[in-house]
Trainee: 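Got a structure for you, questions after.
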Protein chains: 2
Amino acid sequence: MRLSTKGRYAVTAMLDLAINGKNGPVTLAEISENQGISLSYLEQLFAALRGKDLVRGVRGPGGGYYLGKSADEISIANIICAVDEWVEFTRCGGRQNCSGGARCLTHTLWDDLSTEIFNFLANITLGDLVKRNLGKKSGEENPLSIVANSRSEAA
Amino acid sequence: MRLSTKGRYAVTAMLDLAINGKNGPVTLAEISENQGISLSYLEQLFAALRGKDLVRGVRGPGGGYYLGKSADEISIANIICAVDEWVEFTRCGGRQNCSGGARCLTHTLWDDLSTEIFNFLANITLGDLVKRNLGKKSGEENPLSIVANSRSEAA
DNA sequence: CTGAATACCGAGTGATTTAGTAGGTAATTA
DNA sequence: TAATTACCTACTAAATCACTCGGTATTCAG
């Protein structure tokens, strides 16, 4: 799992799409304008997102992008994995010559943690984020309850 | 928040230190050997960790590194933030000229999500990882319960 | 049919990051 | 005194980031 600025751009763009794509497709030019991301970079990101069926493009005037599925079916992990290759970290993958077992232990620990982080992000959907925040008053105190529910529901 | 391979190296090294540093300091040479990370790269990482008081170095023969505080007081977020600069993502920080409010909304959403991810990692300590897994039988099924408890306790 | 709008595609690029090498100095112990 | 270790700075090849440029394909409006 890798969470870089590239993943952020993708998540932000997808959020923009989820919010503004309710009625009709959204052009990359609009997202570029709204989010301050260069058009060509967006094209690269959306090529990856399209490959995972997270978005669907429509050409020609009046065209743009739709979400590939319901916002409730798209998790943050889906988005990040689409644009940020999943890197396998453990070196002793499979046939390991681990010195004394200590190496394998830490690798197991990291692996468990890594899985846990992934599951965490996999349980947050675009729909969660959009719904909770649109229904929130602007001065409200506790934005972090966004995820708490979807977590306990899905876990 | 940024979760790159650099952060993984740091977390893995800290796990090694937490496990092997129970009686006496651990040298970077040992960690390098155990985890397959180059010595000089470890030095760079530990310089950052030392700057945040997450580790404490002892020079001379028989020297090495100790954890800077109890493993229960060191969160994964602490480690990652020490080596992987916290990057501020929102472009319209403070004085924003957001077009139509849509931009600010997505930025707020991302910001909330980002904070949530951070809190998640801030609630997992080195001690959690080590304790739960050392007490685990090797063939056990559910490694992901590691975090569930520490989360509900700390939240 | 023509032209514009839009997605789609690939090559290239400077800046940054990654992960590492090299070559030291400072402190401590045997 | 010599070995061991942390500590420090500079450098580097490779990868990644975020972006530019110059296209092609498809579709709609006139």
Side-chain angles (χ1 to χ4, degrees), chain A residues 1-13 17 20-21 24-33 35-68 80 82-89 91, chain B residues 1-13 17 20-21 24-33 35-68 80 82-89 91:
Chain A
M1 191 77 221
R2 181 169 189 184
L3 180 53
S4 64
T5 50
K6 191 176 178 184
R8 286 165 206 245
Y9 276 115
V11 171
T12 304
L17 187 51
N20 297 322
V26 181
T27 68
L28 291 187
E30 286 169 315
I31 298 177
S32 171
E33 169 85 10
Q35 305 303 329
I37 308 171
S38 89
L39 182 59
S40 288
Y41 196 42
L42 275 176
E43 285 178 347
Q44 288 176 39
L45 296 178
F46 273 70
L49 295 170
R50 191 159 19 86
K52 302 281 183 176
D53 292 322
L54 298 180
V55 297
R56 185 167 46 86
V58 178
R59 299 200 204 189
Y65 277 97
Y66 289 101
L67 289 181
I80 291 173
V83 300
D84 254 335
E85 289 333 85
W86 175 280
V87 233
E88 197 53 55
F89 184 62
R91 308 215 157 177
Chain B
M1 189 77 222
R2 181 169 188 187
L3 180 53
S4 66
T5 51
K6 191 175 178 184
R8 286 166 204 246
Y9 277 115
V11 171
T12 304
L17 188 52
N20 298 321
V26 181
T27 68
L28 291 187
E30 286 170 315
I31 298 177
S32 171
E33 169 84 10
Q35 305 304 327
I37 308 170
S38 88
L39 182 58
S40 288
Y41 195 42
L42 277 176
E43 285 179 345
Q44 288 176 40
L45 297 178
F46 274 69
L49 295 171
R50 189 159 21 86
K52 302 281 183 177
D53 292 321
L54 297 180
V55 296
R56 185 166 44 86
V58 178
R59 298 200 204 189
Y65 276 97
Y66 290 100
L67 289 181
I80 291 174
V83 300
D84 255 334
E85 291 331 87
W86 176 279
V87 233
E88 197 54 55
F89 185 62
R91 307 217 159 179

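Chain naming here is simple, since letters A, B, ... match the order of the sequence lines and numbering starts at 1 in each.
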Trainee: Quick one: B:Gln35 CD to C:dG20 C1', roughly how many Å, whole number?
Mentor: 17 Å
Trainee: Whole-Å distance between D:dT20 P and A:Leu45 CG?
Mentor: 13 Å
Trainee: In whole Å, what is the span from the OH atom of B:Tyr66 to the P atom of C:dT28?
Mentor: 13 Å
Trainee: For A:Ser4 and D:dT16, is the shortest distance between a side-chain N/O and OP1 or OP2 below 4.0 Å?
Mentor: no
Trainee: Counting side-chain heavy atoms from C-beta on, which of D:dC8, D:dA6, C:dG12 comes nearest to A:Gln44?
Mentor: C:dG12
Trainee: For a quick check of understanding: with a heavy-atom distance under 4.0 Å over all strands, which category does A:Ser40 fall into, base, sugar-phosphate or nothing?
Mentor: base
Trainee: Look at the side chain of A:Arg50 and decide which nucleotide, out of D:dC19, C:dC8, D:dT27, has an atom nearest to it.
Mentor: C:dC8
Trainee: Return the nearest nucleotide to the side chain of A:Tyr41; candidates are D:dA3, C:dT6, D:dC19.
Mentor: D:dC19
Trainee: Starting from C1' on C:dT25, measure out to CD on B:Glu43 and report it in whole angstrom.
Mentor: 12 Å
Trainee: Looking across every strand, which nucleic acid part, if any, lies under 4.0 Å from B:Leu39 by heavy atom: base, sugar-phosphate, or nothing?
Mentor: nothing
Trainee: Starting at atom CD of B:Glu30, determine the distance to atom C1' of D:dT5, rounded to an integer number of angstrom.
Mentor: 11 Å
Trainee: Starting at CG of B:Leu28, measure out to CG of B:Leu45 and round the result to the nearest 0.5 Å.
Mentor: 9.5 Å
Trainee: Calculate the interatomic distance between A:Leu42 atom CG and D:dT20 atom C1'; express it in whole Å.
Mentor: 14 Å
Trainee: Would you indicate which nucleotide in C:dT28, D:dC17, D:dC19 comes nearest to any side-chain atom of B:Pro61?
Mentor: C:dT28
Trainee: How close or far is atom P of C:dC8 from atom CZ of A:Arg56, stated in whole angstroms?
Mentor: 11 Å
Trainee: Which nucleotide sits closest to the side chain of A:Tyr65: C:dC8, C:dT18, D:dC7?
Mentor: C:dC8
Trainee: Choosing from C:dC9, D:dT5, C:dA19, which nucleotide comes nearest the side chain of B:Arg59?
Mentor: D:dT5
Trainee: DNA chain D: A:Lys6 or A:Val58, which has the more 5' nearest nucleotide?
Mentor: A:Lys6
Trainee: Tell me, do A:Lys6 and A:Tyr41 make a side-chain contact under 4.5 Å, heavy atoms counted?
Mentor: yes
Trainee: A side-chain contact here means heavy atoms from C-beta on lying under 4.5 Å apart; do B:Ile80 and B:Val11 qualify?
Mentor: yes
Trainee: Of the nucleotides C:dA7, D:dT16, D:dC8, which one has an atom closest to the side chain of A:Arg2?
Mentor: D:dT16
Trainee: Rounding to a whole Å, what distance do you find between B:Phe46:CZ and D:dT5:C1'?
Mentor: 14 Å
Trainee: Of all the choices, D:dA6, C:dA7, C:dG20, which nucleotide is nearest to the side chain of B:Thr27 once you look at every atom?
Mentor: D:dA6
Trainee: Give, for atom OH of B:Tyr65 and atom CD of B:Glu30, the distance between the pair rounded to the nearest 0.5 Å.
Mentor: 13.5 Å
Trainee: Could you check whether any side-chain heavy atom of A:Phe46 comes within less than 4.5 Å of a side-chain heavy atom of A:Leu17, counting everything from C-beta outward?
Mentor: yes
